[in-house]
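Quick caveat: nothing in here was measured; it's all calculated off a predicted structure. Basis for what follows: all heavy atoms, side chains included, without hydrogens, waters or symmetry-related copies. In what follows, every chain begins at residue 1, and chains take the letters A, B, ... in the order their sequences are listed.
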Amino acid sequence: KAGVTQTPRYLIKTRGQQVTLSCSPISGHRSVSWYQQTPGQGLQFLFEYFSETQRNKGNFPGRFSGRQFSNSRSEMNVSTLELGDSALYLCASSWRAAYNEQFFGPGTRLTVL
Amino acid sequence: AQTVTQSQPEMSVQEAETVTLSCTYDTSESDYYLFWYKQPPSRQMILVIRQEAYKQQNATENRFSVNFQKAAKSFSLKISDSQLGDAAMYFCAFLSGNTPLVFGKGTRLSVIA
C-alpha cells in the first residue's frame, strides 16, 4: 500500500505570495491532518479534515486554510506569505479522526524569501 | 489543554548499549493514546511504538519498549542494543478523542560507534 505523498517536496516563495500544498493520504484513510514544524516552535497542529469537513483547527491566523476533497486528498493554502512561514509542513493520514495512529508524509519544505 | 514535555533536548548512546528517553504529559482525559515517533535526517516521521492508556501492559516492539506510568503521567522509551540507524529526533505524542495529536519538543539521539 502506498504511503502518504506530499507535493511539492520543496518550494521557494517570496513574501506576499500565496502557496498551495497537496497531500494524498494512504488509500482508505479518511482523516488528514496538517502540521507545521520549525526549529523554534517544534511541531504545531494546523488543522484536521475528516470526510471533507474540518474537524479541528490549531491556533494559526486565517491566512492558513485548507480543504479536503471527496477522494480524501487535501490541500492547504497560505496566503500573503511571511518570512516566519518558512517551515516543514507535514501531512498525516489515519483511517478515522480519533484514537488512530497517524502516518506521516515526507513533508514539504517551504522557504519564504 | 494537553501538554507533552520531553526534558532531554539531546542524548547520546554507545552502539549496542541501552538508552532511555523521557516523556511526561498532562491531561485530564482518562482514555487516550501515547506514541513515540522517530524523525531521521531524511525527515520522514515514523511511528516507533504506541500505548493505549487503558492497557496496563507496557508496549514492546523489538528493541523498543516503553515504561508507561499512568498515575505519574510518564511515558519513557527504552532502546536496547542501540544501532547507528537509531540516530534521529524522537518525539513523544499524545492523542485523545477530542484533541489533535500533541507533540513534545523532541529529543535528538546520537549513536556513537
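- For the atom pair A:Phe45 CZ and B:Leu101 CG, the distance stands at 9.5 Å (nearest 0.5 Å).
- A:Gln37 CD to B:Gln39 CD: the interatomic distance, rounded to the nearest 0.5 Å, is 4.0 Å.
- Taking every heavy atom of both residues into account, A:Gln102 and B:Tyr37 meet most closely at O-OH, 2.8 Å.
- The number of heavy-atom neighbours closer than 6.0 Å to CZ of A:Arg9, taken from other residues, nucleotides and ligands shown, is above 12.
- The salt bridge (Lys or Arg N to Asp or Glu O under 4.0 Å) search around B:Asp26 returns B:Lys73, not counting sequence neighbours.
- The number of heavy atoms from other shown groups lying within 6.0 Å of NZ (B:Lys78) does not exceed 12.
- Minimum heavy-atom separation, B:Lys105 to A:Gly40: NZ-O, 3.8 Å.
- Residues B:Leu84 and B:Ile79 are members of one and the same hydrophobic cluster, defined by side-chain heavy-atom contacts under 4.5 angstrom among Ile, Leu, Val, Met, Phe, Trp and Tyr.
- Within a 6.0 Å sphere centred on CG of A:Asn59, other residues, nucleotides and ligands contribute 12 heavy atoms or fewer.
- Annotation: residues 75-93 of chain A contacts chain B through A:Leu88, A:Leu90 [non-hydrogen atoms, separation under 4.5 Å].
- Evaluation of the disulfide (SG to SG under 2.5 Å) test over residues 83-113 of chain B, restricted to residues two or more places apart or in two chains, returns B:Cys23-B:Cys92.
- Separating the CD atom in A:Glu101 from the CZ atom in B:Phe35 is a distance of 6.0 Å, to the nearest 0.5 Å.
- Distance check: B:Met89 CE to A:Leu43 CG gives 8.5 Å after rounding to the nearest 0.5 Å.
- Proximity to chain B is limited to the side chain of A:Tyr35, based on heavy atoms less than 4.5 angstrom apart.
- Within a 6.0 Å radius of CZ in A:Arg63, other residues, nucleotides and ligands contribute more than 12 heavy atoms.
- Residue pairs meeting the ring-ring contact (aromatic ring centres under 6.0 Å, His included) criterion with at least one partner in residues 39-69 of chain B, sequence neighbours excluded, are absent.
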